[in-house]
Each structure stands twice: as structure tokens, then as C-alpha cells.
Amino acid sequence: MAEKKPAKPAEKDAGKSGMSMAQNAIGFVVAGVIAAGVGGGLAMMNKPADPPAGKDASHGDKKREEVKDGPAVQMGSMDIPPAVTNLASPREVWVRIEGAILFEGKTLPRGDALAAEISADILAFLRTQTIEQIQGVAGLEHLRADLTERAQTRSNGLVKKFIIKALVVQ
């Protein structure tokens with residue numbers, strides 16, 4: 001009886017080398033053409049409409065200028081003193097917040113006193129918050145919305161928005 005020698009693994013796989021380098025290059029080129037086509041198609045769909053030629057085109061420019069020069073509400077801003085406090089849970093976590101308030105007009109009646117009241121209100125509010133409530137993007141947005149609402153309430157609607165300039169959690 002003749003013994004059969006098993007073939008070496010390298011000899012078995014020599015015929016099944018997978019995709020050649022040329023096949024890979026063709027695949028990348030096809031994928032690139034498809035991506036370019038999709039990108040171009042989306043760009044064409046999102047292209048702003050051109051104004052009609054002639055008199056209407058120059059008239060449209062005048063309308064755009066009027067909108068820019070139209071009545072704009074002048075907004076003023078005032079920095080709020082920084083507030084540093086610990087959170088409700090965990091007690092060893094400290095928060096420092098710096099902010100500003102936006103209001104209509106150039107000045108705010110009782111501006112400095114109102115800023116101090118808003119800062120004290122922010123301090124009291126932060127003491128009720130937990131780290132989970134202010135974590136992440138959603139938590140920061142909720143915090144900003146809550147602080148805006150508190151500032152509006154404290155100012156009887158004079159404050160339009162509270163801006164968080166810096167928030168440090170340690």
C-alpha cells in the first residue's frame with residue numbers, strides 16, 4: 001500500500017488567494033463613483049433656487065437689503081457673578097458656573113441688583129441638582145432652559161435668555 005502524504009496548507013490555499021489587487025482597485029473606483037454621484041445628486045437637490053432673470057432679479061436684491069436694514073431689536077447683555085456650590089448628589093461634587101443674561105434694550109433696570117438676585121437663584125437651584133441631571137448634551141440643554149426660565153421669572157420677563165459661558169464640574 002502506498003501512503004498518501006497530506007498536502008501542505010500553503011499548497012491548498014495557493015489557488016484560493018481571494019480577490020486580486022486589480023479587483024480591489026476596481027471595487028474602490030466603483031464605490032468612489034457611486035459616492036460622488038450620490039453627493040452630486042444631494043447637492044443639486046439642496047441648491048437654492050435662482051431668482052428669475054430680468055427686472056425681478058434686481059428687485060429681489062432690494063428686498064434682501066430691506067430685510068437686513070429692517071427694524072431689529074437691540075439686545076443688551078450683562079455678566080452674572082460666578083456661582084460655586086456643591087450638588088445635591090453626590091455631595092463631594094462641586095460646580096462653578098459663569099453666565100450672562102440677554103435682555104432687550106441697552107440697559108436693564110436695577111441691573112446689578114437683578115444680576116445678584118439671579119446669581120443667588122442659580123446657586124440655590126444648582127444645590128438641588130444631581131450629577132446625572134446635568135450630564136451630557138441633553139442635561140446641559142435642560143440646565144440652560146431651567147436657568148433661563150428662572151432668570152425670566154426673577155426679572156418679571158425682562159431677561160430673554162440665559163447663556164452659560166463656563167461650567168466646571170469637579
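With side-chain heavy atoms closer than 4.5 Å counting as contact, directly or through intermediates, the hydrophobic cluster containing Val84 also holds Trp94.
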Donor-acceptor pairs under 3.5 angstrom involving side-chain atoms of residues 22-34: please list them, not counting sequence neighbours.
{"residue": "Gln23", "atom": "OE1", "partner": "Ser20", "partner atom": "N", "Å": "2.9"}

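The backbone N or O of Arg127 lies less than 3.5 Å from no partner atom in the side chain of Thr85, so there is not a single donor-acceptor pair. Using modelled atom types, no side-chain atom of Gln152 and backbone atom of Leu158 make a donor-acceptor pair closer than 3.5 Å. No donor-acceptor pair closer than 3.5 Å links the side chain of Ser119 to the backbone N or O of Ala115.
Glu104 has its side chain within reach of Lys160: a pair of non-hydrogen atoms, C-beta onward, lies under 4.5 Å apart.
Criterion: ILVMFWY side-chain heavy atoms under 4.5 Å apart, direct or through other members. Under it, Ile163 and Val95 are not part of a common hydrophobic cluster. Taken together through direct or relayed side-chain contacts under 4.5 Å among Ile, Leu, Val, Met, Phe, Trp and Tyr, Ile164 and Met78 form part of one hydrophobic cluster. Both Leu140 and Val93 belong to a single network of hydrophobic side chains, linked directly or stepwise wherever heavy atoms of I, L, V, M, F, W or Y lie under 4.5 Å apart. Tracing side-chain contacts under 4.5 Å through hydrophobic residues (I, L, V, M, F, W, Y), one never reaches Phe162 starting from Leu123; they form parts of separate clusters. Linking Ile, Leu, Val, Met, Phe, Trp and Tyr residues whenever their side-chain heavy atoms come within less than 4.5 Å places Leu167 and Leu87 in a single cluster.
Going from atom CD1 of Ile101 over to atom CG of Asp79 covers 9.5 Å, rounded to the nearest 0.5 Å. The NZ atom of Lys165 lies 9.5 Å from the CD1 atom of Ile80; values are rounded to the nearest 0.5 Å. Atom CG of Asp146 sits about 8.5 Å away from atom OG1 of Thr148, to the nearest 0.5 Å.
Across all non-hydrogen atoms, the minimal contact from Ile118 to Arg154 is CG1-CG, 3.9 Å. Taking both residues in full, the closest heavy atoms of Phe125 and Leu143 are given as CE2-CD1, 3.7 Å, listed atom of the first, atom of the second, then distance. The shortest heavy-atom contact between Gln129 and Ile134 is OE1-CG2, 4.3 Å.
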**Request:** Take Leu108 and Leu114 through the side-chain contact (heavy atoms from CB on, under 4.5 Å) test and state the conclusion after the steps.
**Result:** CA-CA 9 Å; Leu108 189 63; Leu114 186 59; 3.4 Å; yes
**Prompt:** Does the pair Arg110 and Glu117 meet the rule for a side-chain contact (heavy atoms from CB on, under 4.5 Å), with working shown?
**Reply:** CA-CA 10 Å; Arg110 309 180 6 241; Glu117 289 175 11; 3.4 Å; yes
**Prompt:** So Lys161 and Arg144, side-chain contact (heavy atoms from CB on, under 4.5 Å) or not? Walk me through it.
**Reply:** CA-CA 9 Å; Lys161 192 170 189 178; Arg144 187 193 56 76; 3.8 Å; yes
**Request:** Kindly determine whether Asp121 and Leu147 satisfy side-chain contact (heavy atoms from CB on, under 4.5 Å), including the steps that lead there.
**Result:** CA-CA 9 Å; Asp121 200 27; Leu147 294 179; over 6 Å; no
